[in-house]
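Below is one structure; the comments refer to it alone.
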Number of protein chains: 2
Amino acid sequence: MAKRSVRLSRDAIIDCATALADAEGLEAVTIRRLAQENGVTPMAMYWHFNDKDSLLDGLAEHLIASVKLPEPGDGMWDEQLRAILVAFLDAIRPHPALAGLALRRILVAEPGLRLAERVLDLLRQAGFGPEQAAEVGTFLMCAVITLVVGDPMAAKAAVGGDAAADMRHKQAMLQALEPGRYPNLIAAAPALVSCRGQDDYFTINIDLLVQGVRGTRRN
Amino acid sequence: MAKRSVRLSRDAIIDCATALADAEGLEAVTIRRLAQENGVTPMAMYWHFNDKDSLLDGLAEHLIASVKLPEPGDGMWDEQLRAILVAFLDAIRPHPALAGLALRRILVAEPGLRLAERVLDLLRQAGFGPEQAAEVGTFLMCAVITLVVGDPMAAKAAVGGDAAADMRHKQAMLQALEPGRYPNLIAAAPALVSCRGQDDYFTINIDLLVQGVRGTRRN
DNA sequence: CGCACACGTTGTACGTCGTACAGTTGTGGG
DNA sequence: CCCACAACTGTACGACGTACAACGTGTGCG
């Protein structure tokens, strides 16, 4: 594709990999493909990254670094918590193929540490002890990531996989179930196949999480 | 390893793959490895499964089928909902390496359909409309799965990866952060590295989810 | 009793992946 | 000018999923 202008840089590779993942899914992000995309030999990648896993570390860090944390402000703790979760969500939503990488990588780089620190701080304000704040905070961040990775758009890339046709097919399958046994599935079929990726889905479930924290705290 | 006694069966392969994933992680579950484990040629697998993806479908279905759904009983909807989420959690906790497979496969086989139907039914009882029940129900099941996949035990298999040493190292790293910037991370360091996989973590966050549903419903 | 045939399995081969190891260049500071 | 070192190339290996065709074998029918 593109011949490199002067030199290759770690950041350029990460940007390229991010674009590639957005366009064709995470499985398209391959050492060889990235090299080709930059007009370079596969082994050239290993100058900038120790191995593929550290490339993925870099991708996750870059993704988490794009979170626009709101100022520590003065609102209620629950409003601030929602704002942080929404900021996190907004950052990862454009990159559903990469979101899963962050699941086990939040605490490995500085941007994730800042995010986690803010979340823990608010949970402490809400009355949680250090251990419970750790447990709830860990889950909250993982849950936000899960909101994004379930997106069916992440599966569109596979050899021209037609996502729309797939969804139509799935909905038809649900509505063809035995009405006696699965009335709710049939009634909810359109929403079940399309809800992920829709604004409603994100707002109602972020709400659920914040309400859950309110209902779980000790004071 | 093991020579097959008489013949190979789809179920035997799935059981073998499950055990393999539990022992060495999902990345050890490979067509060739499975064949070798059963004293058979790799291509023999393709008689029982179309391709690797349908093998993974089978693994996910088998996992979801192991959920011991409580009887539709007569308690409050929130108690019943918790019971179902706990049943789901209990089924997938022994197999953290496989849990992630279920994320996008709940609605593809019968056991997942039954689980989803029950969840939707209870959400309708709680006052949600069909669309909202679909959105919340989808998220609830994904969230329970997320509780399990974050487990650090899933990363132990890689070439003799010493999970305990890894956790000690991570905790030391957290506690070595600048105290001025990351006080909460430092205070919660022990819990942050060990909370996943502990009973507290699961119960408090299942609680959070149920409380969240209560706080989000319309009536 | 024997034979055909489908079921289950084998053998070989191809293309892709990550990456080890050693060699080669281009460029900037002495 | 030159040379050291950062950046990159070339070749090779083993593992992966799997296409395709050939092979053995147990079972049911004549």
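Quick note on labels: first sequence line is chain A, next is B, and so on, each numbered from 1.
Within the structure, every side-chain polar atom (N or O) of B:His48 is placed at least 4.0 Å from both OP1 and OP2 of C:dC7. Phosphate contact (OP1/OP2 of D:dG17, side-chain N/O of B:Thr30, threshold under 4.0 Å): present.
To the nearest angstrom, C1' of C:dC17 lies 14 Å from CG of A:Asp51. Atom CH2 in B:Trp47 sits roughly 14 Å away from atom C1' in D:dA21 (whole-Å rounding). Straight-line distance from the CD atom of B:Gln36 to the P atom of D:dC16: 9 Å, rounded to whole Å. The interatomic distance linking B:Lys52 (NZ) with D:dA19 (P) rounds to 15 Å, in whole Å. In this structure, A:Leu8 atom CG and D:dA6 atom P are separated by 17 Å, rounded to whole Å. Between B:Arg32 atom CZ and C:dT16 atom P the separation is 16 Å, expressed in whole Å. As a whole-Å value, the separation of B:Asp53 CG from D:dC16 C1' is 15 Å. Atom CE in A:Met45 sits about 16 Å away from atom P in C:dA20, given to the nearest Å.
With hydrogens and angles ignored, the 3.5 Å screen pairs a side-chain donor or acceptor of A:Arg10 with a backbone N or O of A:His48.
Comparing D:dG17, C:dT9, C:dC17 by their nearest atom to the side chain of B:Tyr46 picks out D:dG17. Here the side chain of A:Val40 is nearest to one of D:dT9, D:dG17, C:dC17, namely D:dT9. Of the candidates C:dT19, D:dC8, D:dG17, D:dC8 carries the atom nearest the A:Arg7 side chain, counting heavy atoms from C-beta on.
Here the options are B:Gln175, B:Arg168, B:Met167, the test is side chain to side chain contact (heavy atoms under 4.5 Å, CB included), and the partner is B:Gln171; only B:Gln175 passes.
Here the closest heavy-atom approach between residue A:Ala116 and residue A:Leu107 is recorded as CB-CD2, 3.8 Å. Closest heavy-atom contact between A:Leu147 and A:Phe202: O-CE2, 3.5 Å.
DNA chain C is contacted by both B:Thr41 and A:Met43; B:Thr41 maps to the nucleotide lying nearer its 5′ end (nearest heavy atom per residue).
The environment of A:Glu71 atom CD is sparse: at most 12 non-hydrogen atoms of other residues, nucleotides or ligands sit within 6.0 angstrom.
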